[in-house]
Amino acid sequence: MNAHSSLAVAEPIRPVEAVVTEAAVAAPMVRFESLSKTYPAYRDKPAVAALKEIDFAIARGSITGVIGRSGAGKSSLVRLINGLEKPSTGRVIVDGREISALSGQQLRLAQRSIGMIFQHFNLLSSRTAADNIALPLEIAGWSKADIRTRVAELLDLVDIADKHDRYPSELSGGQKQRIGIARALATRPDVLLSDEATSALDPQTTRAILDLLANINRELGVTIILITHEMSVVRQLAKEVVVIDDGRVVERGHVADIFTHPRHPTTQTFLAEALGDAVPVSLASRLVQAPTAIGQSVIRVQVRGTDAGDTLVARLARELSIDVALLSARIDEIGGQHVGSLILGIPGGEAAARQTLAYLTQHRFAAERLGYVA
Ligand SMILES: Nc1ncnc2c1ncn2[C@@H]1O[C@H](COP(=O)(O)OP(=O)(O)O)[C@@H](O)[C@H]1O
Ligand SMILES: [Mg+2]
């Protein structure tokens with residue numbers, strides 16, 4: 001750990017990798033073994049190495065977030081889990097079976113135990129809610145009577161029993177995703193893959209859908225793999241997180257550990273976005289890079305860990321006799337740890353600013369000067 005990421009935490013953190021491995025090795029639901037996927041060159045398009053040497057396991061019954069930027073390889077990973085794509089090298093094992101080696105009827109049977117939900121819901125517009133949910137059951141050859149009973153059960157489960165006869169065009173985004181979830185769970189899968197399933201929804205609906213997924217995980221024990229480009233989604237739902245960047249796993253571990261001690265720059269960027277470490281617009285518009293005659297130095301302090309930083313302003317004032325202004329603060333609690341940042345205004349010229357930075361560093365807070373305000 002370098003000086004900038006070792007923050008105000010009294011005790012050493014547990015090694016993140018070891019914790020995941022312990023939990024997953026017992027009986028992983030999904031295991032990737034030296035998995036690589038390269039899409040071959042096509043016409044004028046060069047070959048794309050979408051996934052490179054992916055090696056990790058997803059524990060049975062867990063909710064695991066897989067986060068990465070657009071193009072990182074997330075959807076490719078999803079299609080490899082449900083056997084829609086074959087690896088270029090390596091293997092994908094789902095529930096003890098090498099799905100990457102199956103084809104035909106065997107593959108179709110295995111796919112019944114892997115449900116999937118999508119960003120744009122992928123409902124058939126010509127079918128009612130009930131008939132959309134019935135589709136995988138029809139394909140699996142269920143009787144009409146069994147389908148009727150199961151569909152009613154599923155509509156109840158996702159809390160839209162009254163929408164039985166509605167068409168997708170008559171439903172909100174959240175209701176459509178509930179139908180998507182019911183359809184994905186119809187054949188009682190062990191795994192639910194969610195590929196950006198809340199990306200088209202507003203924050204309030206997103207929260208409701210994530211709550212529903214949490215209930216499903218708890219009550220049915222379904223392993224959920226949550227693919228997203230939003231750290232806020234991972235944080236609301238997942239216990240484990242895997243960060244992928246340019247086709248590689250760059251970081252993974254417990255959500256609380258990753259949030260408090262992100263190591264990879266990509267993770268740090270995601271966290272900054274999710275936690276509002278970004279400078280508020282009103283402040284950013286006033287920031288200048290040259291000292292102002294009578295103004296303040298602007299310093300951002302990261303708060304990560306058990307030291308809340310909530311007494312920091314008072315400590316600075318007391319111990320340095322500096323009249324510190326709190327320009328912005330955003331601190332969340334994640335897994336019992338405090339995570340966020342404070343933006344401080346330090347009056348009194350360069351000497352006071354340098355003194356403050358030295359004090360913060362000495363007390364193991366990561367701090368940086370953002371500029372000056374008049
Ligand atoms: N079927 C495909 N054929 C060729 N290239 C693809 C195909 N699917 C994805 N890719 C490429 O693979 C990379 C990873 O894509 P994808 O898995 O969709 O990432 P993500 O879901 O994280 O945005 C991208 O460069 C994308 O253009
Ligand atoms: Mg994608």
Side-chain angles (χ1 to χ4, degrees), residues 30-56 58 63-92 94 99-100 102-103 107 111 114-123 173 176-177 180-181 183-184 191-201 206 209-210 213 223-238 240-252 255 258 262 264-274:
V30 178
R31 172 175 281 288
F32 305 101
E33 292 179 359
S34 311
L35 174 74
S36 296
K37 176 69 186 178
T38 298
Y39 297 104
Y42 177 72
R43 304 239 169 117
D44 56 341
K45 300 230 171 70
V48 178
L51 293 169
K52 303 160 197 166
E53 291 298 312
I54 303 288
D55 243 310
F56 69 94
I58 291 173
I63 304 180
T64 300
V66 177
I67 188 165
R69 298 192 181 98
S70 174
K74 305 182 296 296
S75 294
S76 299
L77 196 69
V78 165
R79 293 196 300 268
L80 284 153
I81 297 172
N82 66 14
L84 290 175
E85 297 273 6
K86 294 288 177 223
S88 303
T89 61
R91 314 196 300 162
V92 183
V94 179
I99 187 132
S100 48
L102 301 180
S103 59
L107 177 60
Q111 284 170 332
I114 305 170
M116 180 144 175
I117 53 175
F118 309 88
Q119 178 172 4
H120 298 296
F121 324 121
N122 297 14
L123 302 177
K176 282 188 259 198
Q177 195 54 289
I181 292 168
R183 181 185 54 188
V191 185
L192 179 63
L193 303 173
S194 165
D195 193 358
E196 305 279 7
T198 57
S199 296
L201 304 175
T206 292
I209 293 294
L210 295 179
L213 292 176
T223 304
I224 297 180
I225 304 176
L226 198 66
I227 308 287
T228 180
H229 67 282
E230 294 172 301
M231 208 51 148
S232 56
V233 166
V234 168
R235 179 194 149 183
Q236 276 179 60
L237 194 59
E240 309 289 333
V241 59
V242 177
V243 184
I244 63 173
D245 196 33
D246 194 23
R248 290 183 198 280
V249 173
V250 294
E251 190 157 358
R252 67 193 176 91
V255 168
I258 298 282
H264 194 273
T266 298
T267 319
Q268 286 165 357
T269 306
F270 277 126
L271 281 173
E273 286 162 12

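Read the numbers this way: they start at 1 and go in the same order the structure lists the ligands and their atoms.
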Looking at CD1 of Ile54 and CD of Glu33, how far apart are the two atoms once the value is rounded to the nearest 0.5 Å? 13.0 Å
Reported NE2-to-OG distance for the pair His229 and Ser70, which is rounded to 0.5 angstrom: 8.5 Å
Counting only N and O atoms by type, is there a donor-acceptor contact under 3.5 Å from the side chain of [X] to the main-chain atoms of [Y]?
X	Y	value
Lys37	Lys86	yes
Ser36	Thr89	no
Thr228	Ile67	no
Ser88	Thr38	yes
Lys74	Gly68	yes

Quiz question for you: does at least one protein heavy atom lie closer than 4.0 Å to atom 17 (O) of ligand 1?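 Protein heavy atoms within 4.0 Å of atom 17 (O) of ligand 1 - there is at least one.
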Verify atom 14 (C) of ligand 1: protein non-hydrogen atom under 4.0 angstrom away: yes
For ligand 1, which part of Lys37 has a heavy atom less than 4.0 Å away: the side chain, the backbone, both, or neither?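 Neither part.
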When only distance counts, is [X] in polar contact with ligand 1, meaning an N/O pair under 3.5 Å?
X	value
Val48	no
Gly73	yes
Arg79	yes

Going by heavy atoms, is Gly68 under 4.0 Å from ligand 1? no
Any Arg69 heavy atom less than 4.0 Å from ligand 1: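 For ligand 1, residue contact (heavy atoms, under 4.0 Å) with Arg69 is present.
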Looking at every heavy atom in both Ile81 and Val94, which two are closest together, and how far apart are they?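 So the two residues come closest at O-CG2, 3.6 Å.
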Is Ser75 close enough to the Mg ion (ligand 2) to have an N, O or S atom under 2.8 Å? yes
Which of the numbered atoms in ligand 1 are below 4.0 angstrom from a heavy atom of Ser70?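 Checking each atom against Ser70, I get 23 (O).
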Considering only protein heavy atoms, which is closest to atom 10 (N) of ligand 1, and at what distance to one decimal place? Tyr39 CE1, 3.4 Å
Residue, atom name and distance, where the atom is the protein heavy atom closest to atom 23 (O) of ligand 1: Gly71 N, 2.6 Å
